[in-house]
Amino acid sequence: MAQNGEQSAAMFPKLDEAQIARLTRLGEERNVAAGEIIFDQGDAEHGVFIVLTGSIELINLSNGQEATLMIHGPGNFTGEVNQLSGRRSLVRCRAHEAGKLLEISRANLQRVMQDDTELGEVFLRAFILRRVYLITHSVGDAVLIGSSNSADTLRLRGFLSRNGHPFTYVDVEQDADVQTMLDHFEVRVADIPVLICRGELVLRNPSNAEAADCFGLNAGIDEREVYDLIVVGAGPSGLAAAVYGASEGLNVLVVESNAPGGQAGSSSKIENYLGFPMGISGQDLAARAFVQAEKFGAHIAVARSAAALKCARTPYVLQMNDGGTVQSRSIIVATGVQYRRLDLANLAQFEGAGVYYGATQVEAQVCRDQEVAIVGGGNSAGQAAIFLSTVAKHVYLLVRGPGLSETMSRYLISRIEACPEITVKTFTEIEALEGDGHLQRAHWRDSRTGERRTCDIQHLFLMTGAAPNTAWLEGCVALDPKQFIKTGIGAGTEWPLSRPPYLLETSRPGIFAVGDVRAGSLKRVAAAVGEGSMAVQFVHKVLAE
Ligand SMILES: Cc1cc2nc3c(=O)[nH]c(=O)nc-3n(C[C@H](O)[C@H](O)[C@H](O)COP(=O)(O)OP(=O)(O)OC[C@H]3O[C@@H](n4cnc5c(N)ncnc54)[C@H](O)[C@@H]3O)c2cc1C
């Protein structure tokens, strides 16, 4: 691993004698022989190993080939972000020389994180830097073979990226050596996207849940437990609830249908969130919050959706889309909203193959140096326009109304006006899409003049308002006419207790709603984070009743 000195010291710190002494009472010593495998790529059931004497080697395994990443000597330790969640290891670890190791179990590591500020910081910093290294250098157990024209390829790339899982991407359209790899795993080009998981298992066009399963992204989650709190949705509001809940000692499970980050995760740059004057990408913000939640011991299940809630009595039973159930004494609903789809006959055919609902690095790579169109006049459309103008040849921003001033923040409008790569087309509506497999043309119409235009556009971003994700709550909590969840005093007429509902509590005691899914919420990251954090205070009160 080539690193500069400072980076290397932070990524591979050496614990001093006093620090090791503090850890000794929490760990178990173990002698290892030279060449002994300490843990393998794909293993989950091990702790962090601190080298006391001798040395160990960290190895990347790719297509059965070994490559040494690092040799750790006395004072160095193993582990990266996966260690906090109990997910599988991305690398192999072998004793380079005979020696003695100290193993700290995952449970004890979590105690260190919470009780020992100095050591907690050393571990956390090293773990995060190592994960960033693994992602940027595609080290690990995943190879995705796909095509830039395939919607499922885009879905899987997005899923792995947003879950921070390192992978090597091979594009059949661009890489001449791909056939050799496909032959090696006996797959036909027609099977793509193909995911090679842990060097062996080949998944042909897997669902997100299958990919999560294969990489053990949900390892370490106990479904038999009755949780203090289940948070449904891991957008900003759900992640905030998880951080506050877990840090205050609650046993918290988060259930997320895709990956942490929610809508914010699809934003290239959030500039108005307090504390980030230079802006932060939604994915970075989510990745930090995810590690923070895991540091405090929250369990986060990804690629699993809440399908229904049995809410007649406590503990409440959450039914998942895969048939599993989990129980909890309280629930925070943080399922946010999803973009409205345009009413176009063949829209579904182009989703992921020219039509997108988020503008992140993954989509940007696909439309580099090409013309793109964005539909929508809100802040998310404005951000996407500015972000995509840095990579695309030209950006058309299509708005139904007379301009942007009513719907978009002033700072975004100014930047759009100053950017020659963006053209705003007012009074414009998309009428039809055309293409063979991938979007090739869009037809739009000027609603004032009736003039119609056909544009050779292969990438269309739809950012046109949103509807709440509340269908799974049917019959459990009161909703407003637009299906957002009512909370607090006005939550509903069927409130069963003598005390009034707490702020953010729904019409069902112990079930709270936060963030964009809540009726009357502000639809901003800061508001979502604030509500997620606040709700935990009321969860404590409910649990004490
Ligand atoms: C492109 C874009 C740019 C934005 N830019 C900004 C900005 O610059 N500043 C700002 O303040 N705000 C911005 N916003 C708005 C901000 O992102 C939202 O207000 C915020 O994300 C709301 O957070 P949330 O947690 O309430 O919901 P969401 O972010 O919508 O998250 C909800 C989560 O719940 C999950 N989910 C849904 N249904 C289920 C289910 N049944 N089971 C399990 N999980 C489920 C979803 O997958 C999702 O991860 C932007 C939004 C977008 C789309």
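Just follow the structure's listing: the first ligand is 1, and inside any ligand the first atom is 1. For the numbers below, each heavy atom of this structure counts, side chains included, while hydrogens, waters and symmetry mates do not.
Note on ligand 1: Tyr273 sits outside its first shell, no heavy atom being nearer than 4.0 Å. Heavy atoms of Pro236 approach ligand 1 to within less than 4.0 angstrom.
In this structure the side chain of Phe461 reaches within 4.5 angstrom of the side chain of Leu388, judged on heavy atoms. Using a 4.5 Å cut-off on side-chain heavy atoms (C-beta onward), Leu503 and Thr487 make no contact.
Summarising the contacts of atom 4 (C) of ligand 1 with Lys523, Met463, Arg524, Gln383, the nearest heavy atom is found in Gln383. The heavy atom nearest to atom 17 (O) of ligand 1, out of those in Ser305, Ala286, Ala264, is found in Ala264. Here atom 38 (N) of ligand 1 lies nearest to Thr335 when heavy atoms of Val231, Thr335, Val337 are compared.
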Inset, instruction - List the steps and the verdict of ring-ring contact (aromatic ring centres under 6.0 Å, His included) for Phe538 and His540. - result: CA-CA 5 Å; Phe538 303 116; His540 283 297; over 10 Å; no
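Remark: of the listed residues Arg340, Glu351, Gln263, Glu351 is the sole one forming a side chain to side chain donor-acceptor pair (under 3.5 Å) with Tyr357.
Both the sub-6.0 Å distance and the 45° axial angle are not jointly satisfied by Arg329 relative to the ring of Tyr316.
To the nearest 0.5 Å, atoms OG1 (Thr314) and CD (Gln327) are separated by 10.5 Å.
Set against the non-hydrogen atoms of Trp472, the atoms of ligand 1 under 4.0 Å away are 41 (N).
Counting only heavy atoms, the protein gets under 4.0 Å from atom 43 (C) of ligand 1. Within a 4.0 Å radius of atom 14 (N) of ligand 1, the protein contributes no heavy atom.
The proximity of Asp516 to ligand 1, defined as any non-hydrogen pair under 4.0 Å, involves the side chain as well as the backbone. Residue Asn379 does not touch ligand 1, judged by heavy-atom distances below 4.0 Å.
Atom CG of Leu543 has more than 12 heavy atoms from other residues, nucleotides or ligands within 6.0 Å.
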